[in-house]
Amino acid sequence: MSVDRRQFLFFLGASARAMALSAVPGCTATATVAGNSRSKMEFVPGENGPFELPPLPYDYDALEPYIDAETMRFHHDKHHAGYTRNLNSAISSYPELQEKSAEELLRNIESIPEEIRKTVRQNGGGYVNHKMFWEIMSPDGGGVPTGAIAAAIDDRFGSFEAFKEEFETAGKTRFGSGWAWLVLKDGNLEVINTLNQNSPLMDGNYPIMGNDVWEHAYYLKYRNDRGEYLRQWWNVVNWEEIDRRYEMAIA
Amino acid sequence: MAYALPDLPYDYSALEPHISKTTLEFHHDKHHNKYVNTYNELVKEAGMDDKSIEEVIKAIAGDSSQQKLFNNAAQAWNHTFFWNSLKPGGGGEPSGEVGDKIKADFGSFDKFKEEFSTAASTQFGSGWAWLVLDGGSLKVVKTPNAVNPLVDGQTPLLTLDVWEHAYYLDYQNARAKFIETFLSSLANWDFVKENMAKA
């Protein structure tokens, strides 16, 4: 990615970028640059399918010292890229699925043809989960929640500290690989965890925020100490973006 | 019965350059150690410490109320089995009765390798790939998280840990390369032969 493009994306801000990238499948960052309103964007399939690996919204080393540049490189350039490639490949013989957003595929996972359902579950989940993950972190993150989500967390969990504890427990007790989540379920906030790349969307719940507890997310820096990774992760949490997701979900 | 963390059957650096000393230190001293300690606590609480670890694994497999005990019991057992499935200077095509049995049941050693590699690379998330004896025939199976072939009444002969902690420091995302290296340079066919003889 060119420096200009990265600077533009950064300038554009997380909200507009996230909406632009998630609104239309295959809508590339280039299209976002060229036409700065959603209505002007055209369907621009990626080279190998409708879904494109979104660029990181910051430099690889921007989340140091909490998440190291090497981890970010492998996590984004290899793992997320792999899920993107495999998702495109899975739906390559299904033109009708190529017109849907990845989120739609996950929300309707049970209606995906059986021969590709598992692959879409794993790689569509991996694609969407990581897309959110980069957005809800920021070098300017950390601190305490702001906006509507702050009040909602206090209402539901009693305090931000109590919420953090519940979220960390969800991450620590996810045996094997998976994610810890704050979701909107039937209009209420809930902390849950999911196995592997399963997305809350598959159960009809909206992911407000999630932390990746696959070992690839933390092993190079934190080794076996998942608890420490979960504790340090709060330093990079982008509450502005999480509040945007929450407000969108309750709207 | 309390389960003791076994020492590695070789030095921490014995599998270099294929598996680093650092990986083995964390894998054995932290991961395996924690599974063993947690198992020993939980098995007492469950009032099952008169049983062997294999009996505990078979008795509670599939019982969701005992999930944490199962996970730690199976992981304690699996890792001991894994250390024995590796050896310095291992890998390659086995000769003798193991080699003959592989040819008879898979068609060729290459066919076995292909099947084992596929199982190990397609175990999505955390888990294990195994060579087992099932009703007298060799089979390749994969299991998620802590699950092992004992719960299906199969006899494990050889295993590869494909949890990311087994290879991430040395191979990062390249699980396929880790699998290839296991088959070319680490697999302990003597251990397979012992397990076949006992079955």
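Below, chain A is the first sequence line, B the second, and so on; all start at residue 1.
Residues A:Leu195 and A:Phe175 are not in side-chain contact: their nearest non-hydrogen atoms beyond the backbone lie 4.5 Å or more apart. Taking the side chain as every heavy atom from C-beta outward, B:Asn78 and B:Thr159 never approach each other to under 4.5 Å. A heavy-atom distance below 4.5 Å is not found between the side chains of B:Phe112 and B:Lys103.
Here B:Asp134 pairs with B:Lys139 in a salt bridge; the nearest charged N to carboxylate O distance falls below 4.0 Å. With respect to B:Lys21 and B:Glu25, a salt bridge is recorded, a charged nitrogen being found less than 4.0 Å from a carboxylate O. Checked for salt-bridge contact, A:Arg117 and A:Glu110 meet the test: a charged N lies under 4.0 Å from a carboxylate O.
In this structure, A:Glu96 places its CD atom where more than 12 heavy-atom neighbours from other residues, nucleotides or ligands lie under 6.0 Å away. Under a cut-off of 6.0 angstrom, the local environment of CD in A:Glu165 is sparse, with at most 12 non-hydrogen atoms contributed by other residues, nucleotides or ligands.
Aromatic ring orientation, A:Phe167 versus A:Phe163: tilted (interplanar angle from 30° to 60°). The aromatic rings of B:Tyr168 and A:His216 are tilted relative to each other, their planes meeting at an angle between 30° and 60°. Ring orientation note: the planes of B:Phe82 and B:His79 are nearly perpendicular, at an angle over 60° on the 30°/60° scale.
When only modelled atom types and interatomic distance are considered, B:Ser65 and B:Asp63 share a side-chain donor-acceptor pair under 3.5 Å. The closest side-chain donor-acceptor pair between B:Gln75 and B:Trp128 falls under 3.5 angstrom. Under 3.5 Å, the side chains of B:Asn148 and B:Thr143 contain no donor-acceptor pair of N or O atoms. Looking only at atom types and distance, the side chain of B:His28 has no donor-acceptor partner in the side chain of B:Asp7 under 3.5 Å away.
Of the possible polar contacts, one joining the B:Arg175 side chain to the B:Ala120 backbone as a donor-acceptor pair under 3.5 Å is found.
Residues of residues 50-62 of chain B placed with any heavy atom under 4.5 Å of a heavy atom in chain A are absent; none qualify. The contact list for residues 69-82 of chain A toward chain B, using heavy atoms and a distance under 4.5 Å, reads A:Phe74, A:Lys78, A:His79 by residue number. Taking non-hydrogen atoms and a 4.5 Å limit, the residue list of residues 176-199 of chain B in contact with chain A is empty. At a heavy-atom separation below 4.5 angstrom, chain B is approached by A:Leu220, A:Arg223, A:Asn224 within residues 220-233 of chain A.
Two rings, from A:Trp214 and A:His130, have their centers 6.0 Å or more apart.
The parts of B:Ala146 that come within reach of chain A are both its backbone and its side chain, each placing non-hydrogen atoms under 4.5 angstrom from that chain.
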